[in-house]
Amino acid sequence: MTLRFLTAGESHGPELVAIVEGLPAGLYLSRQAIDRELSRRQQGYGRGRRMQIEHDHIRWIGGVRHGFTLGSPVALAIANRDWPHWQEVMSADPVPSEAAGDRRALSRALHRPRPGHADLSGGLKYGHRDLRNVLERASARETAARVAVGAVARQLLAHFGVRLASLVVELGQVAADPATYLETSSEAPRPIADWQEVVEASPVRCPDPEAAAAMMTAIDRAREEGDTLGGIFLVVVEGLPPGLGSYASWDRRLDGRLAASLMSIPAIKGVEIGLGFTAARRPGSEVHDAITYDPGERKFRRPTNRAGGLEGGVTNGETLWLRAAMKPIATLVRPLASVDIETGEPVMAAVERSDVCAVPAAAVVGEAQVAWELACAWMEKFGGDSLAEVERNVAGYLEAVRNYVGKYHG
Ligand code: EPS
């Protein structure tokens, strides 16, 4: 195990916390950079009222001194500004009997599971009679903590020149013109710098302004109809060396880890790496990326990047690109049929305050999960208890990569 993290906290509890273990000592961690990521996650057209209440930022709890990691576990917290409204409902201590008696403290109990949510399966599994006990933790609120952890991972990667970005390529029935983010001739993502500014300024994180407008119209329509929308986002990573991950064992394959990491985001139902499912529909000659060598740069090159930057579960030095599909949010203002778990009677599912569409936010969470997985792979390959030690290991390896061709035969 190289790096690990754990989060805790309920959606309407006092705060979310995260502990990250295994970071090298001496890494500068900017609190502002973490807060910037949290703010990116909160944006996006289609979010509900909760995002107007929260202004997410972190408070350091441990592991950092004067801006630098100590090598001890790094712990942080994100307060829920909504907490004052939920202090009784979500009280950790038993509520005083008079408060319980006035039923206010218990009135938010949930008995009508929402299809598509964890409500029913979670209730059956843990034996909860109040499904709020499930929804509070299954809520995507928890992804705020993941984004904070991802922002830490990202700063480790950035130290070595690795850059991550994301964009929304489809939302509901609307698709962005692929030419706005993919090079047609090479089937590689366009450089991040070409589209990042437009995407960051877009309320739906879409590089195609026409499609972005249509996406927002679709969200408006869904809201009016009491419905929700899903979509597909793309995560792009530049500056990775070849050799992260391993082909040698199933659980060290980086493609598998990245897919699992993205699939762990609430509502993500599919992941594609590079061409993804399209590769299955083409002959091999139109799927694999030819290899060339640049003797001046002492670098292998690929005229195309359909593999998405990974071959055999190992990075190949090309830009990493992967897509994830998000299903529409399960809380419907016009709810589907459900069953009251108290009475067994058919009822309409519960309606909770929620978002109409959170695909732009999920893209930011996707970046965080990818950053985390890459930081793990980075530490696995380059190890080290201090940043200086990691730097030495990286430099030695990159030198060996540059000297690879002809080393033994030239
Ligand atoms: C969510 C429901 C909404 C979302 C929430 C996820 O929260 P609430 O029930 O408080 O209105 O806003 O997302 C966040 C709080 C967040 O930070 O992303 C759900 O049921 O999953």
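The existence of a salt bridge linking Arg306 and Glu286 is excluded, since no basic side-chain nitrogen approaches an acidic carboxylate oxygen closer than 4.0 Å. Remark: Glu318 does not engage Arg301 in a salt bridge, criterion side-chain N to carboxylate O under 4.0 Å. A salt bridge links Arg302 with Glu311: the distance from a Lys NZ or Arg NE/NH1/NH2 to an Asp or Glu carboxylate oxygen falls below 4.0 Å. Ion pair Glu224/Arg334 not flagged as a salt bridge, since none of the NZ, NE, NH1 or NH2 atoms sits closer than 4.0 Å to an Asp/Glu carboxylate oxygen. Under 4.0 Å is where a charged nitrogen must lie from a carboxylate oxygen, and between Arg402 and Glu297 no such pair does. The pair Arg49-Asp82 does not count as a salt bridge, with every side-chain nitrogen at least 4.0 angstrom from each carboxylate oxygen.
At least one donor-acceptor pair under 3.5 Å links the side chain of Thr69 to the backbone N or O of Pro24. Judged by distance alone, with hydrogens and angles left aside, the side-chain atoms of Asp355 form no donor-acceptor pair with the main-chain N or O of Ala358 at under 3.5 Å. Between the side chain of Lys327 and the backbone N or O of Gly116, at least one donor-acceptor pair lies under 3.5 Å. Listed for the Glu37 side chain is no donor-acceptor partner under 3.5 Å among the backbone atoms of Gly150. Side-chain N or O atoms of Gln43 include none that pairs as donor or acceptor with a backbone N or O of Ala361 at under 3.5 Å. A donor-acceptor pair under 3.5 Å is absent between the side-chain atoms of Asp340 and the main chain of Pro346, judged by distance alone. Checking side-chain atoms of Ser202 against main-chain N and O of Val204 turns up a donor-acceptor pair under 3.5 Å. Although no hydrogens or angles enter the test, the distance criterion places a donor-acceptor pair under 3.5 Å between the side chain of His57 and the main chain of His55. Side-chain atoms of Thr180 do not come within 3.5 Å of backbone N or O of Ala176 as any donor-acceptor pair. Thr315 places a side-chain N or O within 3.5 Å of a backbone atom of Pro241 that can act as its donor or acceptor partner.
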Under 3.5 Å, which donor-acceptor pairs do the side chains of residues 262-270 form with other protein atoms, sequence neighbours left out?
residue	atom	partner	partner atom	Å
Ser264	OG	Arg146	NH1	3.0
Ser264	OG	Ser261	O	2.7

In residues 6-13, what donor-acceptor pairs under 3.5 Å come from side-chain atoms, sequence neighbours left out?
residue	atom	partner	partner atom	Å
Thr7	OG1	Arg137	NH2	2.9
Thr7	OG1	Glu142	OE2	2.7
Ser11	OG	Arg50	NH1	3.1
Ser11	OG	Ser139	OG	3.4
His12	ND1	Glu136	OE1	3.2
His12	ND1	Glu136	OE2	2.7
His12	NE2	Arg50	NH1	3.2

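Around the CZ atom of Arg31, the shell of radius 6.0 Å holds no more than 12 heavy atoms that belong to other residues, nucleotides or ligands. Atom CG of Asp385 sits in a sparse spot, with 12 or fewer heavy atoms from other residues, nucleotides or ligands closer than 6.0 Å. By the 6.0 Å contact criterion, NE2 on His128 is enclosed, its count of non-hydrogen atoms from other residues, nucleotides or ligands being greater than 12. Within 6.0 Å of atom CG in Leu70, more than 12 heavy atoms from other residues, nucleotides or ligands are found, so the atom counts as buried in its surroundings. In the displayed structure, Tyr293 atom OH is contacted under 6.0 Å by more than 12 heavy atoms of other residues, nucleotides or ligands.
A cation-pi arrangement is present between Lys381 and Tyr397, with the terminal nitrogen or guanidinium carbon under 6.0 Å from the aromatic centre and inside a 45° cone about the axis. A cation-pi arrangement, defined by a distance under 6.0 Å to the six-membered ring centre and an angle within 45 degrees of its axis, is present between Arg108 and Trp86.
The closest side-chain donor-acceptor pair between Asn403 and Glu399 falls under 3.5 angstrom. If you check the side chains of Ser91 and Gln87, you find no donor sitting under 3.5 Å from an acceptor. Between the side chains of Tyr181 and Asp208, no donor-acceptor pair is found at a separation under 3.5 Å. Side-chain contact, Arg112 with Ser338: no donor N or O sits under 3.5 Å from an acceptor N or O.
Just one of Leu76, Val74, Val152, Leu23 meets the side chain to side chain contact (heavy atoms under 4.5 Å, CB included) condition when paired with Val64; it is Val74. For the salt bridge (charged side-chain N to carboxylate O under 4.0 Å, His left out) criterion with Asp56, the lone passing option out of Arg81, Arg40, Arg141, Arg36 is Arg141. Only one option out of Asn80, Ile78, Leu38 pairs with Glu54 in a side chain to side chain contact (heavy atoms under 4.5 Å, CB included); it is Asn80.
Going from atom CG of Leu27 over to atom CG of Leu156 covers 5.5 Å, rounded to the nearest 0.5 Å. Atoms CZ and CZ, from Arg257 and Arg252 in turn, are 7.0 Å apart once rounded to the nearest 0.5 Å. Atom CD of Glu272 is separated from atom CH2 of Trp321 by 8.5 Å, given to the nearest 0.5 angstrom. Rounded to the nearest 0.5 angstrom, Ile291 CD1 and Asn316 CG are separated by 8.5 Å. For the atom pair CD1 (Ile329) and CD (Glu352), the distance works out to 13.0 Å, reported to the nearest 0.5 Å. Atom CD1 of Ile53 is separated from atom CD of Gln42 by 11.0 Å, given to the nearest 0.5 angstrom.
Looking at Leu258 and Leu310, their side chains come closer than 4.5 Å, going by heavy atoms from C-beta outward. At least one side-chain heavy atom of Val237 sits under 4.5 Å from a side-chain heavy atom of Val370.
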**Request:** Decide side chain to side chain contact (heavy atoms under 4.5 Å, CB included) for Leu244 and Trp378; before the verdict, give the C-alpha distance in whole Å, the side-chain angles of both, and the deciding distance to 0.1 Å.
**Result:** CA-CA 7 Å; Leu244 299 181; Trp378 194 277; 3.9 Å; yes

**Prompt:** Going through the distances and angles, do Val271 and Arg323 end up as a side chain to side chain contact (heavy atoms under 4.5 Å, CB included)?
**Reply:** CA-CA 6 Å; Val271 174; Arg323 267 176 289 228; over 6 Å; no

**Asked** Would Glu367 and Ser166 satisfy side-chain hydrogen bond (donor to acceptor under 3.5 Å, both in side chains), going step by step from the backbone distance to the final call?
**Response** CA-CA 6 Å; Glu367 279 179 47; Ser166 69; 2.5 Å; yes

